[in-house]
Amino acid sequence: MTKQRAFQRAVLGWYRERGRDLPWRRTRDPYAVLVSEFMLQQTQVGTVLPHYKDWLRRFPNFAALARASEAEVLHAWQGLGYYNRARNLHATAKIVATRHCEHFPRSIDQLQQLPGVGKYTAHAIATFAFDQPVAIIEANTSRLLSRLLDLRIPIDSTAGRNALWNSASALTPKKAPAAYNSALLDLGALVCLPRQPKCGICPVKRFCRAKNPKSLPIKRPRPGTKQLVEKHAFVVEHDKVLLEKSPARWRGMWILPPVKLDGFKPSSLPHPIYTAVFPFTNHRVALKVFRQRLRQIDNGKCWFPFRKLDSIPIPSPHRRAIDALLGLNVSSVHAQR
DNA sequence: AATGCGGGGGC
DNA sequence: GCCCCAGCATT
């Protein structure tokens with residue numbers, strides 16, 4: 001038996017015993033697989049799980065998703081972040097429902113034409129939905145392979161990525177590729193951990209070339225975190241709050257209206273009634289909210305009764321701010337100034 | 001090659 | 001505070 005065969009056998013044997021039972025592995029419906037892959041882009045399994053079932057119940061197939069409005073789609077995506085994924089998934093559903101007449105493309109080239117579908121996602125759908133013998137390179141499998149091969153170049157460089165894709169392709173079996181790829185993912189997620197790899201229980205330890213697994217994978221240095229401050233207005237009237245439909249960043253979502261407080265001297269600057277810090281990737285945003293009186297309702301602003309707030313898309317930091325501010329009664333908010 | 005995406009969880 | 005996560009699109 002070749003070494004490669006022995007490796008595949010060890011991986012599959014371990015998977016039968018210890019692999020994860022995940023809902024998107026109980027189906028080969030391309031739509032269900034696609035939804036899972038979009039949700040899992042840059043997002044951990046544990047975060048995705050609760051949203052996955054809800055999404056499939058609300059949008060059970062391409063046609064249902066294609067029919068939905070953008071607001072419905074963004075609302076259902078709340079809590080997952082990176083909302084471009086939701087917009088891309090929506091756009092993909094429309095393309096499949098119309099241009100492809102509900103016939104989901106099978107070739108990797110065609111898959112990769114769909115918005116939000118890059119190399120990883122195209123290969124993942126090909127293998128998990130259609131059981132094609134192709135490799136998948138993402139966070140788990142790159143870590144596992146970089147250790148297995150003792151790859152000492154950054155995995156997020158062009159050379160590193162190419163090395164990983166090439167090696168992974170050469171290792172992928174023609175038989176049971178979907179199970180094999182699931183197995184590699186689970187080995188990365190459960191055994192070949194980032195900080196504390198469990199080499200003691202690793203079923204492929206005898207194939208691993210890493211002298212110092214903890215030091216791998218190597219990644220390029222990250223840019224320093226950028227500090228930002230953003231100011232928004234809290235305008236309430238009776239049982240309504242004023243929100244603005246964000247034209248730019250949170251496109252299509254409702255946020256507390258941005259305010260400029262340029263006209264104030266530092267000594268007389270208003271005091272925020274709510275402050276929170278929310279970090280993301282390599283940024284750190286200080287969100288400050290100021291109580292304001294209504295001046296005028298210009299384009300894109302709308303009053304929302306408190307009870308309606310649960311049914312519209314609001315980004316998490318703003319929702320937390322609104323929840324916190326509405327949790328206080330008006331007089332106590334006022335008293336904080 | 002380098003960013004932006006402006007999330008979320010774990011330690 | 002930092003690192004990590006079933007990445008993709010844009011420049």
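Everything quoted here is computed from the prediction, not taken from an experiment. We use all heavy atoms of the structure for the numbers below, so side chains are in, but hydrogens, waters and symmetry mates are not.
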Which whole number of Å gives the distance between the [atom1] atom of [N] and that of [M]?
| N | M | atom1 | value |
| --- | --- | --- | --- |
| C:dC8 | B:dG9 | P | 22 Å |
| B:dC5 | C:dC5 | P | 22 Å |
| B:dG4 | C:dA6 | P | 24 Å |

If B:dG6 has a Watson-Crick or G-U wobble mate with both distances under 3.5 Å, name it; if not, just say none.
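When the pairing criteria are applied, nothing turns out to pair with B:dG6, so the answer is none.
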Between [atom2] of [N] and [atom1] of [X], the distance in whole Å:
| X | N | atom1 | atom2 | answer |
| --- | --- | --- | --- | --- |
| A:Arg251 | B:dC5 | CZ | P | 11 Å |
| A:His51 | B:dG8 | NE2 | P | 8 Å |
| A:Arg20 | C:dC5 | CZ | C1' | 11 Å |
| A:Leu74 | B:dC5 | CG | P | 16 Å |
| A:Gln112 | C:dC8 | CD | C1' | 10 Å |
| A:Leu144 | C:dC4 | CG | C1' | 16 Å |
| A:Phe38 | C:dA9 | CZ | C1' | 12 Å |
| A:Lys226 | C:dC2 | NZ | C1' | 16 Å |

If only atom types and distance count, is the side chain of A:Thr43 paired as donor or acceptor with the main-chain N or O of A:Gln41 below 3.5 Å?
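Side chain of A:Thr43 to backbone of A:Gln41: a pair is present.
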Salt bridge present between A:Asp323 and A:Arg320 (N-O < 4.0 angstrom):
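The answer is no: the pair does not qualify as a salt bridge.
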Thinking salt bridges, do A:Lys175 and A:Asp131 make one under a 4.0 Å N-O criterion?
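Judged by the 4.0 Å cut-off on N to carboxylate O distance, A:Lys175 and A:Asp131 do not form a salt bridge.
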Using a 4.0 Å heavy-atom cut-off, does [X] contact any base of the nucleic acid, only the sugar-phosphate backbone, or nothing at all?
| X | value |
| --- | --- |
| A:Thr281 | base |
| A:Arg25 | base |
| A:Leu22 | base |
| A:Arg195 | base |
| A:Trp77 | nothing |
| A:Gly79 | sugar-phosphate |
| A:Ala124 | nothing |

Roughly how far apart are A:Cys192 SG and A:Leu185 CG, rounded to 0.5 Å?
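Between A:Cys192 SG and A:Leu185 CG, I get 12.5 Å after rounding to 0.5 Å.
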Any idea which of [options] is nearest the [X] side chain?
| X | options | result |
| --- | --- | --- |
| A:Trp24 | C:dA6, C:dC5, B:dG6 | C:dA6 |
| A:Gln41 | C:dA6, C:dC8, B:dG4 | C:dC8 |
| A:Thr47 | B:dG8, B:dG6, C:dC5 | B:dG8 |
| A:Thr158 | B:dA1, C:dC5, B:dG6 | B:dA1 |
| A:Asn88 | C:dA9, C:dA6, B:dG8 | C:dA9 |
| A:Asn84 | B:dC5, B:dG8, C:dC4 | B:dC5 |
| A:Arg222 | C:dC4, B:dG9, C:dC5 | C:dC4 |
| A:Pro315 | B:dG10, B:dC5, B:dG7 | B:dG7 |
| A:Leu185 | B:dC5, C:dA6, B:dG6 | C:dA6 |

Looking at [X], I'd like to know whether one of its side-chain N or O atoms comes within less than 4.0 Å of OP1 or OP2 on [N].
| X | N | answer |
| --- | --- | --- |
| A:Gln42 | C:dC5 | no |
| A:Arg87 | C:dA9 | no |
| A:Trp250 | B:dG7 | yes |

More 5' along DNA chain C: A:Thr121 or A:Gln44, using each one's nearest nucleotide?
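Result: A:Gln44.
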Please compare A:Lys219 and A:Val117 by the position of their nearest nucleotide in DNA chain C and report the one closer to 5'.
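In this pair, the answer is A:Lys219.
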Take the angle between the ring planes of A:Phe130 and A:Phe104 and call it parallel below 30°, perpendicular above 60°, tilted in between.
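Correct class here is tilted.
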Would you please classify the geometry between the A:Trp250 ring and the A:Phe278 ring as parallel, tilted or perpendicular, with 30° and 60° separating the classes?
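Tilted, since the angle between the ring planes falls between 30° and 60°.
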Heavy-atom neighbours of A:Glu17 CD exceed 12 at 6.0 Å
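No, the 6.0 Å shell around CD holds no more than 12 heavy atoms from other groups.
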By nearest heavy atom, map A:Leu228 and A:Pro223 onto DNA chain B; which one lands nearer the 5' end?
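This one resolves to A:Pro223.
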Given that A:Arg320 and A:His283 both sit by DNA chain B, which one's nearest nucleotide is further toward the 5' end?
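Its nearest nucleotide being more 5', the pick is A:His283.
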Record whether the side chain of A:Gln78 comes under 3.5 Å of the base of B:dG7 through a donor-acceptor pair of N or O atoms.
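Such a pair does not exist between side chain and base.
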Any side-chain donor near an acceptor of the partner, A:Arg85 and A:Gln42, under 3.5 Å
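No, no side-chain donor-acceptor contact under 3.5 Å.
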